[in-house]
Amino acid sequence: MSDDLRLPRAAQIFVSFVALLRANGFLVAPEQTTSFLAAIELLGPRSLEHIRQAGLATLAPPPGRRATYDRLFDIHFRGTEAIEQAEGEDEETVRLQEEGRGEDEPPLADEANESGLAAARAEALVERRFAQTPTSDPLRRLSREAAKRLPRRRGHRRRRARSGPFADLRRTLRESVRNDGEVLRLGRMRRRRRPRKILLLIDVSGSMKARTEENMRLAHALMQAAGNVEVFTFGTRLTRVTRALRLKRREQALNAAAFLVSDWDGGTRIGDALQAFLAVPRFGGYARGATVVIVSDGLERGDPATLRDAVAKLSRRAWRVSWLTPLATSPGFRPQTEALIAIQRFVDDLVDGGSSAAVVAHLLSLGTRRAA
């Protein structure tokens with residue numbers, strides 16, 4: 001790229017603010033971004049308030065989300081000066097991370113869920129290191145059987161078959177030439193079977209602390225066994241780790257994922273994270289016609305209605321939605337938490353996710369099931 005086309009360094013902070021708005025569900029067109037930069041150039045600017053007003057005039061946030069816009073603006077431009085929240089104040093936004101850790105992003109709380117037993121809403125940004133352990137038997141089974149037993153779908157291309165709903169006219173005419181123009185047998189075709197997309201959403205909050213490492217190893221094994229997989233983590237942030245987990249060596253892949261994810265063992269805002277996922281059109285497209293697997297205990301500290309609405313939207317896009325929770329310890333499990341009760345009618349499976357063996361067994365069983 002030439003120097004004339006490269007974005008000036010001074011403009012990068014304003015463009016990244018627009019990207020932050022999009023990640024949190026604001027609809028901003030490219031033309032509005034250009035107008036935003038032009039307005040800033042016109043104003044000078046002499047203060048942050050000039051930049052805020054330029055954004056309100058050109059980016060046009062909805063009146064109902066003005067408070068969210070102001071909050072994102074303060075976090076992005078003021079940094080730690082804007083993080084002093086009143087006690088008990090809820091954080092409305094979920095930050096999205098994909099390409100980097102976001103070292104420039106300030107922590108929103110000093111609290112960390114050390115026990116891993118209770119759900120929290122506050123965000124805590126921490127680093128995590130994965131220990132080197134041998135591959136477990138369930139992960140070996142997943143690698144061995146995934147190609148044959150993971151869900152598949154009918155593709156648009158066709159192949160020859162002994163029987164099928166489509167006539168193979170080309171083969172039929174070719175054989176008729178060999179038989180002096182007589183059609184002795186009508187060739188048949190059927191659609192090819194292709195692997196179905198898999199979307200894996202992993203809860204990395206403090207209440208899932210005991211399962212986080214093994215779930216990430218399972219995600220890497222699944223990524224290596226089936227190419228058409230997307231993996232996200234969520235807690236108080238939503239992070240795409242697909243690119244990191246594509247690395248073949250497990251230790252290398254997990255270290256790359258650990259570098260990307262900032263909200264290990266922190267708070268829990270499942271509904272907000274799923275809403276942020278659906279707000280990005282490219283991410284929402286990953287769920288269309290896919291097998292969606294959510295590994296989470298469902299201990300939501302946000303509004304259960306937000307979680308319910310997000311799962312309902314997800315179920316309308318996906319082929320099948322499975323929620324795997326460590327709380328489902330028996331086949332007759334009945335949800336007791338408000339969040340799991342709210343989403344129960346929108347998921348096809350609400351089953352045990354408390355061990356790698358249970359998760360792998362469920363994944364391999366999906367190939368024989370149909371969407372409800």
Side-chain angles (χ1 to χ4, degrees), residues 1-83 91-108 123 125 230 232 234 236-244 260 262-263 269 272-288 306 310 313 317:
M1 181 180 293
S2 66
D3 293 338
D4 294 338
L5 298 178
R6 188 176 293 115
L7 186 68
R9 179 176 297 181
Q12 291 176 1
I13 189 173
F14 305 116
V15 175
S16 62
F17 173 60
V18 175
L20 177 61
L21 290 177
R22 289 198 184 103
N24 283 277
F26 289 83
L27 301 178
V28 182
E31 296 80 5
Q32 290 176 281
T33 305
T34 305
S35 299
F36 178 45
L37 296 175
I40 292 172
E41 182 181 8
L42 183 64
L43 290 173
R46 295 186 178 182
S47 68
L48 283 178
E49 187 58 28
H50 288 170
I51 301 174
R52 185 196 301 271
Q53 294 300 327
L56 288 174
T58 57
L59 303 178
R65 302 201 64 191
R66 171 66 184 274
T68 305
Y69 170 87
D70 291 338
R71 185 66 181 156
L72 289 171
F73 182 92
D74 290 338
I75 290 173
H76 188 76
F77 288 102
R78 297 183 186 276
T80 55
E81 298 177 8
I83 306 306
E91 178 62 47
E92 182 182 354
T93 61
V94 169
R95 310 285 294 282
L96 183 146
Q97 295 173 220
E98 182 174 3
E99 298 300 334
R101 288 181 52 80
E103 266 81 353
D104 297 334
E105 300 168 359
L108 298 185
E123 179 174 39
L125 305 188
E230 285 289 336
F232 289 77
F234 64 88
T236 53
R237 299 187 174 201
L238 178 73
T239 310
R240 181 175 181 254
V241 294
T242 304
R243 185 175 301 176
L260 289 175
S262 299
D263 55 338
R269 299 209 299 270
D272 292 337
L274 294 181
Q275 290 285 7
F277 173 85
L278 293 167
V280 181
R282 178 164 62 95
F283 292 170
Y286 295 149
R288 196 169 303 281
T306 302
K313 293 177 184 177
R317 299 187 186 189

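Excluded from the calculations below are hydrogen atoms, water molecules and symmetry mates; all remaining heavy atoms, backbone and side chain alike, are included.
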- Message: Can you see whether F283 has R240 sitting over its ring - NZ or CZ less than 6.0 Å from the centre and within 45° of the normal?
- Response: no
- Message: Could you check whether atom CD1 of I13 has more than 12 heavy atoms from other residues, nucleotides or ligands sitting under 6.0 Å from it?
- Response: yes
Using atom types as modelled, flag every donor-acceptor pair under 3.5 Å from a side chain in residues 50-58 to any protein atom, sequence neighbours excluded.
| unit_1 | atom_1 | unit_2 | atom_2 | d |
| --- | --- | --- | --- | --- |
| H50 | ND1 | R46 | N | 3.2 |
| R52 | NE | E49 | OE1 | 3.3 |
| R52 | NH1 | D70 | OD1 | 3.2 |
| R52 | NH2 | D74 | OD1 | 2.8 |
| Q53 | NE2 | E49 | OE2 | 2.7 |
| T58 | OG1 | A54 | O | 2.7 |

- Item | Partners passing side-chain hydrogen bond (donor to acceptor under 3.5 Å, both in side chains) against T242 (at least two apart in sequence or in another chain) | E230
- Query: Who pairs with E31 by side-chain contact (heavy atoms from CB on, under 4.5 Å), at least two apart in sequence or on another chain?
  - Reply: A29
- Tightest non-hydrogen contact, residues L274 and A310, listed as CB-CB, 3.6 Å
- Task: Nearest 0.5 Å please: distance from the OG atom of S35 over to the CD1 atom of I40.
- Result: 11.0 Å
- Message: How long is the straight-line distance from OG1 of T239 back to CZ of F234, given to the nearest 0.5 Å?
- Response: 11.0 Å
- Message: Does any part of the side chain of F36, heavy atoms only, come nearer than 4.5 Å to the side chain of V28, both counted from C-beta?
- Response: no
- Note on the structure: Rounded to the nearest 0.5 Å, the CZ atom of R237 sits from the CG atom of L260 at a distance of 12.5 Å
- Quick one: pull up CZ in F14 and CD in E41 and give me the separation to the nearest 0.5 Å. 11.0 Å
- Query: How close do T33 and R22 get, heavy atom to heavy atom, and via which atoms?
  - Reply: OG1-NH2, 3.4 Å
- Task: Return the minimal non-hydrogen interatomic distance between L278 and K313, and the atom names on each side.
- Result: CD1-CB, 3.7 Å
- When every non-hydrogen atom of R317 is compared with those of G284, the smallest separation belongs to NH1-CA, 3.2 Å
- Residues forming a ring-ring contact (aromatic ring centres under 6.0 Å, His included) with F17, sequence neighbours excluded: Y69, F73, H76, F77
